[in-house]
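Note sheet for the following structure.
Note that ligands are numbered from 1 as they come in the structure, with each ligand's atoms numbered from 1 the same way.
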Amino acid sequence: AKRDGKNGFQYFDSITRKEVEVASTIRRDLRLALEKGQFFLCYQPLVDIRTGKVTSMEALLRWQHPKKGLISPIHFIPIAEETRQIISIGEWVLRAACRQMKEWLNMGYSGFNVSVNVSVHQLQQPDFAKVVFDILNEIELEPRYLELEITETILIEAMETVVRNLYRLKEVGVKIIIDDFGTENSSFKYLQKFTVDGLKIDRSFVSEIKVEVNKAIVDAIIFLGHRMKLGVTAEGVETKEQLDCLIESGCDKVQGYYFSKPLPPDEAIRMVQKESNY
Ligand code: C2E
Ligand code: CA
Ligand code: CA
Ligand code: CA
């Protein structure tokens, strides 16, 4: 359909239809993706704002679809959550990321840990902490090398199970970070119920940090984090200006295209070797 005024709705319609079609393809093919080995991980470094050294490697999931090509996690994670497949996919991610970290350690790299994104659906499983322990034992990776990033969206009903899992993980030294901090109104509830190790400021505040209100929010999150003795990371840093702004605000760690895009492990690890990444 054409994109003119009169056919505006038609245009919108066809986009929607396309999207629905893609979504149903995803729904259909996601079931086989795991067993067919179509998933892989890319890694994006987190950099210490003072030293310029890599402190962490965030594992980001990628799906190589045989016909549709590379599919972004923003398109298939919500579907995987809806169908509960995120439980098995998430376990695959944890194992693959821990294996990669172990391999890096075996190669002689150190001074950083691996970050894995965990869905609330995983945390709501009563045995989630045990699943993580089993993976760490199997791979012989010390828990302190693992960091979990949790998006703050939370279903209050299962809060007890979530908190119990987080507590057991933290007890052995796994670090817990709240991802996309400031985007959900449950932020403070989370902090009230559980002591995390760090906050990650959402990209939406960082990318528009030049706008006064965003700078104010960033400053407030950093103040809150430091007041609670937590490390604060800013994601989505793309420019020198944004970096300078974050340095001025006293942010601890930064991540974004300014430093590196998510890369295959062999390329991502090169940043660890560098004395500084500025
Ligand atoms: P996230 O955890 O907030 O990850 C940050 C996203 O921003 C990543 O997108 C990353 O590639 C992108 N990004 C990083 N730096 C920049 C930048 O400077 N500019 C811009 N424009 N973007 C940047 P990606 O890899 O597409 O992942 C999207 C989301 O999918 C993630 O957001 C996370 O919520 C989810 N996700 C990815 N992997 C997993 C996973 O293994 N498990 C779960 N549960 N969710 C995952
Ligand atoms: Ca994340
Ligand atoms: Ca994030
Ligand atoms: Ca985000």
Side-chain angles (χ1 to χ4, degrees), residues 26 30 33-34 38-47 56-64 69-101 113-125 128 131-132 135 146-154 162 175-184 187 196-209 218 221 232-243 245-246 253-264 267-268 271 277:
I26 289 175
L30 198 54
L34 203 53
Q38 292 165 354
F39 290 124
F40 66 99
L41 297 177
C42 275
Y43 294 85
Q44 188 181 30
L46 275 73
V47 172
S56 197
M57 287 285 202
E58 180 179 2
L60 292 158
L61 187 57
R62 300 289 177 261
W63 178 14
Q64 186 67 56
L70 209 54
I71 303 180
S72 162
I74 59 165
H75 292 120
F76 68 84
I77 296 277
I79 294 175
E81 288 182 327
E82 191 189 298
T83 59
R84 324 279 309 150
Q85 292 172 90
I86 192 67
I87 313 287
S88 50
I89 295 172
E91 193 177 328
W92 180 88
V93 172
L94 270 163
R95 185 170 283 108
C98 288
R99 274 214 187 105
Q100 183 60 63
M101 186 67 215
N113 49 38
V114 74
S115 295
V116 176
N117 291 287
V118 168
S119 161
V120 189
H121 296 262
Q122 291 172 269
L123 281 161
Q124 285 169 338
Q125 303 295 302
F128 178 72
V131 168
V132 176
I135 290 171
L146 178 63
E147 201 169 75
L148 303 179
E149 290 193 9
I150 299 152
T151 29
E152 47 177 319
T153 336
I154 200 153
V162 171
K175 293 178 205 72
I176 313 290
I177 308 295
I178 305 184
D179 203 354
D180 303 335
F181 192 82
T183 55
E184 293 292 329
S187 322
V196 295
D197 298 282
L199 307 178
K200 202 167 182 182
I201 305 173
D202 190 61
R203 190 174 80 214
S204 58
F205 303 117
V206 176
S207 61
E208 308 244 7
I209 201 164
V218 167
I221 297 175
V232 182
T233 304
E235 69 175 13
V237 180
E238 293 182 352
T239 68
K240 179 78 168 64
E241 285 75 23
Q242 290 164 355
L243 175 63
C245 229
L246 291 159
K253 291 178 233 171
V254 275
Q255 182 186 33
Y257 295 171
Y258 180 73
F259 300 95
S260 169
K261 293 202 169 192
L263 296 169
E267 290 172 50
M271 276 186 67
N277 289 287

The Ca ion (ligand 3) to nearest N/O/S of Asp179 less than 3.0 Å: yes

Enumerated ligand 1 atoms positioned under 4.0 Å from heavy atoms of Ser119: 44 (N)

Min heavy-atom dist Gln255 to ligand 1 below 4.0 Å: no

Residue pair Gln44 / Pro262: nearest heavy atoms and the distance that separates them: CB-CA, 3.9 Å

Ligand 1 contact by Gly236, heavy-atom criterion under 4.0 angstrom: yes

The Ca ion (ligand 3) to nearest N/O/S of Glu149 below 3.0 Å: no

Atom name of the N, O or S atom in Glu235 that lies nearest to the Ca ion (ligand 3): OE1

Among Ile77, Ile89, Asp180, closest by any non-hydrogen atom to atom 46 (C) of ligand 1: Ile77

Proximity winner for atom 11 (O) of ligand 1, if only heavy atoms of Cys42, Ala96, Pro262, Gly90 are counted: Pro262

Part of Lys261 within contact of ligand 1 (heavy atoms, under 4.0 Å): neither

Option with minimal heavy-atom separation from atom 33 (C) of ligand 1, where the choices are Thr183, Val120, Asn117: Asn117

Shortest heavy-atom approach to atom 35 (C) of ligand 1 - which of Ser260, Ser115, Pro73: Pro73

Whether Gln122 side chain and Phe128 backbone form a donor-acceptor pair below 3.5 Å: no

Minimum-distance atom from the Ca ion (ligand 2) among N, O or S atoms of Glu58: OE2

Whether Thr151 has an N, O or S atom under 3.0 Å from the Ca ion (ligand 2): no

Short side-chain donor-acceptor distance under 3.5 Å, Ser115 and Glu147: yes

Close approach of Thr151 to ligand 1, heavy atoms, under 4.0 angstrom: no

Intermediate values then yes/no, side chain to side chain contact (heavy atoms under 4.5 Å, CB included), Phe181 and Val196: CA-CA 12 Å; Phe181 192 82; Val196 295; over 6 Å; no

Full working for salt bridge (charged side-chain N to carboxylate O under 4.0 Å, His left out) between Glu58 and Lys200: CA-CA 12 Å; Glu58 180 179 2; Lys200 202 167 182 182; 2.8 Å; yes

Minimum heavy-atom distance between Phe76 and Ile71, given as atom pair plus value: CE2-O, 3.3 Å

Heavy-atom side-chain proximity of Gln125 to Arg84 below 4.5 angstrom: yes

Heteroatom proximity flag, Glu235 to ligand 1, N/O under 3.5 Å: yes

Atom indices of ligand 1 within 4.0 angstrom of Gln44 heavy atoms, with elements: 14 (C), 15 (N)

Between Thr151 and Asp179, a side-chain donor and acceptor under 3.5 Å: no

Close approach of Glu81 to ligand 1, heavy atoms, under 4.0 angstrom: no

Which segment of Val93 sits under 4.0 Å of ligand 1 when only heavy atoms are counted: side chain

Non-hydrogen atoms of Thr183 and Ser204 that approach each other most closely: CG2-OG, 4.4 Å

Any side-chain heavy-atom pair of Glu235 and Phe205 under 4.5 Å: no

Shortest-distance N/O/S atom, Asp180 versus the Ca ion (ligand 3): OD1

Gap between atom CD1 of Ile89 and atom OG of Ser119 - 0.5 Å precision: 10.0 Å

Check: Ala96 main-chain N/O paired with Gln100 side-chain donor or acceptor under 3.5 Å: no

